[in-house]
Amino acid sequence: MSDEARVTAPETAGGNGHRPVREVEQEFVRGHLLQAYGCFSSGHKFCREVCPVYQVTRNEQHTPTAFHANVVAIEKGAAHLEDVAENYSYCTLCGGCELRCPNTLFVGDFYRNRTRTVKLVQDMRAAANQAGLGLWPRWQRWVEATMVGKNEPVLDYENIQPVDPNRVADWAKDLPFEIPRGGENILFVDCEAAYYRTSLPKAVAKILHAAGVPFGLMYEQWCCGGPSLEMGYPDHARYLAEHNVADWKKAGAKRVFVLDPHDYISFVDMYPQFFPEEELPEFVFMIDFVAELLDQGKIRFVKPIEKTVTYHDPCRMNKRLGKWEAPRKILRAIPGLTFIDVDHVTQWAYCSGAGGGFAVEHPDLAKKIADLRIARAKELNVEALVSACPWSERPLTSSGREQQLEVLDLLELVAEAMGLND
Amino acid sequence: MATLTLPNPVTDKVIAELEAALGKDKVRTDLGARIARTRVPAPFPVHRFAEYMPDVVVLPETAEEVSAILRIANQYRVPVVPRAGGTGLADGAVPLHKGILLDIKKMNKIIELDLINRTVTVQPGLNMLKLNEFLAPYGVFYPDDPASYPVSIIGGRIGTSGWSLIGSRYGHTRDLVISLQVVLPTGEIVRLSDGGGAPKVRKASTGYNLKQLFIGTQGTLGVVTEATLELFPKPEAELAAFFGYESFDEAYRSTGALSTSGLGTLAAVILFDERKVEYLRRDDEAYIPLPERIKAVVATALYGVEEEVRAAANRLFRIAKETGGEYLGDELSAGDWASRHDRYATPLHGRLPDGTVVPMSWHCEDAAIIYSELPAIKQKWHEITDRYIRQYGIFDNWGMFFYSNNPYKGWGDYLVEIDIGIWEQALNEETWQAWVNLKREITRATLEHQGSISACHGACREGDAEFIPVEMHEGGFELMKKIKRLLDPNNILNPSKNYLHLAYVDEEGAP
Amino acid sequence: MKQVRKGVVLRREDLHVFEVDPALMSRVPQDVTDIEQARIVKNRWEYLDWMHRHFAHKTVLLSEVTAAPSQGPGQAGH
Ligand SMILES: Cc1cc2nc3c(=O)[nH]c(=O)nc-3n(C[C@H](O)[C@H](O)[C@H](O)COP(=O)(O)OP(=O)(O)OC[C@H]3O[C@@H](n4cnc5c(N)ncnc54)[C@H](O)[C@@H]3O)c2cc1C
Ligand code: SF4
Ligand code: SF4
């Protein structure tokens with residue numbers, strides 16, 4: 001791969017094409033062999049029908065079973081890294097498989113060892129990039145554009161052009177109140193929400209304001225780094241993370257409110273791998289916080305919403321973090337709302353297709369996943385599907401438009417029910 | 001000595017013809033596609049990984065495409081191995097001679113739901129759990145419930161003639177398939193039912209009962225491309241009751257009493273031996289706190305209309321108590337029953353002789369044995385297994401289960417399972433051969449006790465397959481060979497499975 | 001850490017989760033945190049409930065319909 005310098009990896013090495021493929025391969029196999037045998041020796045595929053990608057490709061090579069078996073095949077000399085690496089782009093990193101895997105769900109607690117497919121896939125992507133296989137040009141462009149725009153290039157999926165980093169807080173401009181910079185409570189606004197779904201951060205700001213919770217914004221908010229990690233650029237992820245941690249320090253942040261599950265998982269999963277716990281603030285997931293405020297009577301729903309809805313469990317919340325109760329509690333508390341629930345276990349098999357960079361590299365398949373999710377909601381004869389993840393909302397809204405189903409955001413719905421939009 | 005003609009390799013010409021027939025995206029030769037379809041969960045000679053990799057993978061979506069594939073294979077005499085879920089435990093879907101791997105998972109459409117006549121017609125690439133999620137709003141239910149229920153696929157259930165955990169109430173796969181569409185090795189598409197050809201008629205005496213011939217043939221006679229299946233009302237009530245006993249003999253007698261109780265809602269009677277209970281105490285939260293006096297367990301499950309289940313529960317409890325059973329409590333009973341799919345193939349169950357945990361692969365022996373022989377088989381199988389463990393140190397004895405094995409009743413023969421862990425990472429040719437020898441000894445014991453080698457997985461593996469002619473020695477195997485030759489003149493469909501390479505050599509080629 | 005039986009311990013009594021005796025885990029890393037562990041246990045119970053519902057409209061317990069005790073031997077106080 002020639003373009004090794006195209007992704008500028010500031011301050012750290014890594015990125016594209018820095019190391020010989022055999023060396024990367026050996027290190028990869030060494031690091032993952034035991035895990036690989038943990039799956040290979042079961043090989044039972046309880047993960048398969050849960051996997052959103054498999055559900056639309058029905059191709060056994062896009063399954064966790066195959067992802068693990070490849071490692072064994074490489075060890076046994078039946079394949080090389082470059083023969084199989086491309087398959088690892090067929091994953092939304094939703095985490096459904098590793099939770100459903102009996103090695104996690106039935107004995108993970110007992111042995112304190114579990115299946116870690118998400119990590120395996122991420123690591124393989126990073127290995128392929130380090131070896132300069134050049135498999136995923138769109139991810140490469142995406143990370144390059146993120147380096148320039150300091151935020152993800154969410155405004156132009158087609159050509160992947162950087163956003164203007166100076167406009168990351170523009171969403172707050174026409175709010176009826178000022179939000180200060182810095183302070184103990186910081187609201188972190190995800191890239192997609194800051195630039196694209198700006199109605200979401202506005203709603204969240206209004207909720208916090210109405211509840212009397214003081215909060216500020218970062219001096220200069222950068223992407224959380226999660227997507228870079230997911231696309232196989234861990235050094236770039238770290239670079240972004242370091243900036244954010246420094247910004248929080250400068251702000252004197254003790255708590256960071258997080259409105260997006262993807263950011264949240266970066267903060268609670270990835271950041272502790274880079275920084276000592278004591279350097280990090282407390283991360284508060286907005287939906288949990290709203291449920292808490294509701295319990296404490298600090299916010300109240302005053303405006304009935306006469307609609308029949310169902311709820312989409314965002315993958316990272318439900319499958320990877322086990323957060324499924326608070327959103328249901330909130331929905332049940334909204335007056336006028338008829339909530340038709342599909343339980344969170346059934347939803348281990350649901351996904352919007354938006355995560356893990358999948359929609360960037362495989363837009364057609366991602367659309368099929370979103371279409372399927374909307375079709376499932378349609379079967380319930382509801383008027384709207386409520387989600388709690390801005391990344392899911394873009395593809396779901398577009399599939400919803402085609403199938404005539406409205407897609408709403410939970411926190412925006414909360415603001416509406418609190419009467420904050422009147 | 002007769003020679004056996006091995007099938008031809010897949011050439012570029014074959015691939016080009018497949019691509020012309022199916023389109024390029026349904027024909028895959030990349031290593032990722034092939035590695036993913038090299039093995040099934042059964043212990044695998046991992047040191048010989050590349051030997052079992054197919055040459056090309058095809059992903060058909062219709063019977064016509066399957067027919068086209070088989071015609072091409074026939075013309076060039078290359079092997080075709082059908083693969084459904086790839087969860088079979090007898091290597092049925094493993095390509096022994098490489099060739100074309102025919103993966104049916106894209107054929108997962110539900111073709112017709114007939115609520116009036118209580119049938120559902122499906123393509124064979126559909127999984128049962130997914131089918132039942134589709135059926136739930138209609139109040140109906142397809143009750144084929146293997147431990148692989150969330151993963152295995154209807155085509156594979158038919159290919160293996162599978163066994164269902166609740167089969168003693170609802171029947172097993174072969175009892176639940178009403179009719180089949182099959183593509184023959186030579187490419188003809190036929191519809192077969194219980195005599196005659198009426199797709200939704202369950203019982204007919206017209207013509208031969210050809211449907212049954214194609215169930216359990218491990219894809220050696222034809223590729224199933226459509227099946228019409230039986231529907232039941234979704235059970236109103238489920239009740240699981242587990243009982244503990246102070247000795248295996250007591251539990252064995254209680255199993256006999258429970259399974260001959262005549263209760264129509266009784267879906268399963270499962271006996272766990274001492275080694276199984278001890279093994280469960282390794283890592284299963286339900287069994288760890290059980291007092292040591294409990295040496296054996298009998299699990300039962302009832303399904304049906306609520307009033308029936310309630311009434312049957314009383315009778316069940318009385319019989320269990322009178323035969324020495326102690327109820328193990330609601331939490332263990334309900335919880336363990338609901339985990340019935342998930343607790344088998346867990347690698348970290350594996351222990352080296354010094355107790356160290358290593359990931360082991362799961363072997364599940366699955367003979368069908370009549371009730372009177374169960375204690376003797378138990379003793380022999382443990383003796384054989386323990387001997388190999390002592391000698392090689394990479395195997396582990398996970399104990400035995402005895403499951404009621406017959407449709408609509410609990411008595412008769414039992415699916416007898418010994419679970420053995422194998423440390424695959426440490427396998428080499430010597431230990432692999434030892435493993436095959438262990439299997440051979442187990443199979444011999446089965447045959448000595450008038451059992452059948454396999455109740456549900458099939459007998460395709462080394463250690464089983466060579467004994468098919470022995471088990472079927474009264475003319476059965478001769479007939480099988482004739483049928484195979486008649487339907488598959490060029491030996492292209494899953495060649496060498498079920499020891500059927502012998503169908504293509506002269507008499508003196510037999511062992 | 002309390003030894004429950006051979007090969008099984010209660011690492012922290014407040015967690016109520018049986019665990020393998022770490023002495024047996026020399027070849028396999030133990031890297032699941034307490035939070036993750038709790039999440040697994042909770043999800044497992046939810047999943048088991050799901051499986052009951054999937055197979056029947058109602059789960060009836062033996063102690064509800066017979067004189068059988070609801071708690072089995074060894075489970076008292078659990
Ligand atoms: C954890 C676990 C638990 C299990 N528990 C049980 C159990 O309780 N009961 C039980 O019966 N089995 C059990 N099995 C074994 C396995 O699930 C069954 O044998 C199942 O029927 C195989 O289905 P499959 O879809 O995986 O088929 P495969 O393994 O893909 O194929 C099985 C056989 O069928 C043939 N075949 C596939 N599709 C077709 C077709 N369309 N036409 C003709 N032939 C075809 C294949 O060539 C092969 O010979 C278990 C397996 C696992 C891993
Ligand atoms: S990831 Fe888990 S469920 Fe899937 S095949 Fe591997 S061990 Fe089985
Ligand atoms: S993380 Fe999600 S998309 Fe990726 S393999 Fe697992 S189930 Fe499939």
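All chains are named by letter (A, B, ...) in the order of the sequence lines, taking the proteins before the strands, and each is independently numbered beginning at 1. Note that the coordinates shown come from a computational prediction; the quantities given were computed from them, not determined experimentally.
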Judged by atom type as modelled, is there a donor-acceptor pair below 3.5 Å linking the side chain of A:His32 to the main-chain atoms of A:Phe28?
-> yes
Sort B:Asp342 into side chain, backbone, both or neither according to what part of it lies under 4.5 angstrom from a heavy atom of chain A.
-> both
Counting only heavy atoms closer than 4.5 Å, note whether B:Val57 contacts chain A via side chain, backbone, both or neither.
-> neither
Find the one option among B:Arg343, B:His47, B:Met360 whose heavy-atom pairs under 4.5 Å with chain A are most numerous.
-> B:Arg343
Do A:His362 and A:Tyr90 have ring centroids that are under 6.0 Å from one another?
-> yes
Contact class of B:Leu101 relative to chain A, heavy atoms under 4.5 angstrom | neither
For B:Asp30, is it the side chain, the backbone, both or neither that has a heavy atom under 4.5 Å from a heavy atom of chain A?
-> side chain
Would you indicate whether B:Lys106, at its atom NZ, is surrounded by more than 12 heavy atoms from other residues, nucleotides or ligands within a distance under 6.0 Å?
-> yes
With a 4.5 angstrom heavy-atom cut-off, which part of A:Ser42 approaches chain B: side chain, backbone, both or neither?
-> both
So which part of B:Tyr149 gets closer than 4.5 Å to some heavy atom of chain A, the side chain, the backbone, both or neither?
-> neither
With a distance cut-off below 6.0 Å to the six-membered ring centre and an angular limit of 45° from the axis, does B:Arg282 pair with A:Phe110 as a cation-pi contact?
-> no
Side chain from CB out, backbone as N, CA, C, O: work out which of these in B:Arg28 comes under 4.5 Å of a heavy atom of chain A, or both, or neither.
-> side chain
For B:Glu61, enumerate each residue passing the salt bridge (charged side-chain N to carboxylate O under 4.0 Å, His left out) test, keeping only those at least two apart in sequence or located in another chain.
-> B:Lys26
Name the option with the most non-hydrogen atom pairs under 4.5 Å to chain B; the candidates are A:Cys101, A:Ser41, A:Cys39.
-> A:Ser41
Interface check, chain A: of B:Leu89, B:Asp103, B:Thr87, B:Asn108, most non-hydrogen pairs under 4.5 Å belong to B:Asn108
Output the option from A:Ala349, A:Pro102, A:Ala85, A:Ala73 having the highest count of non-hydrogen pairs under 4.5 Å with chain B.
-> A:Ala73
Taking the six-membered ring for Trp, are the ring centroids of B:His363 and B:Trp435 within less than 6.0 Å of each other?
-> yes
What part of B:Ile104 lies closer than 4.5 angstrom to a heavy atom of chain A: side chain, backbone, both or neither?
-> neither
Tell me, for B:Leu348 versus chain A, whether the close heavy atoms (under 4.5 Å) come from the side chain, the backbone, both or neither.
-> both
Partner chain B: residue of A:Asn87, A:Asn103, A:Leu34, A:Val84 with the largest heavy-atom pair count (under 4.5 Å) | A:Asn103
Full working for side-chain hydrogen bond (donor to acceptor under 3.5 Å, both in side chains) between B:Tyr344 and B:Glu417 = CA-CA 11 Å; B:Tyr344 289 87; B:Glu417 168 174 327; 5.0 Å; no
Answer key: most heavy-atom pairs under 4.5 Å with chain A among B:Arg34, B:Met53, B:Arg83 is B:Arg83
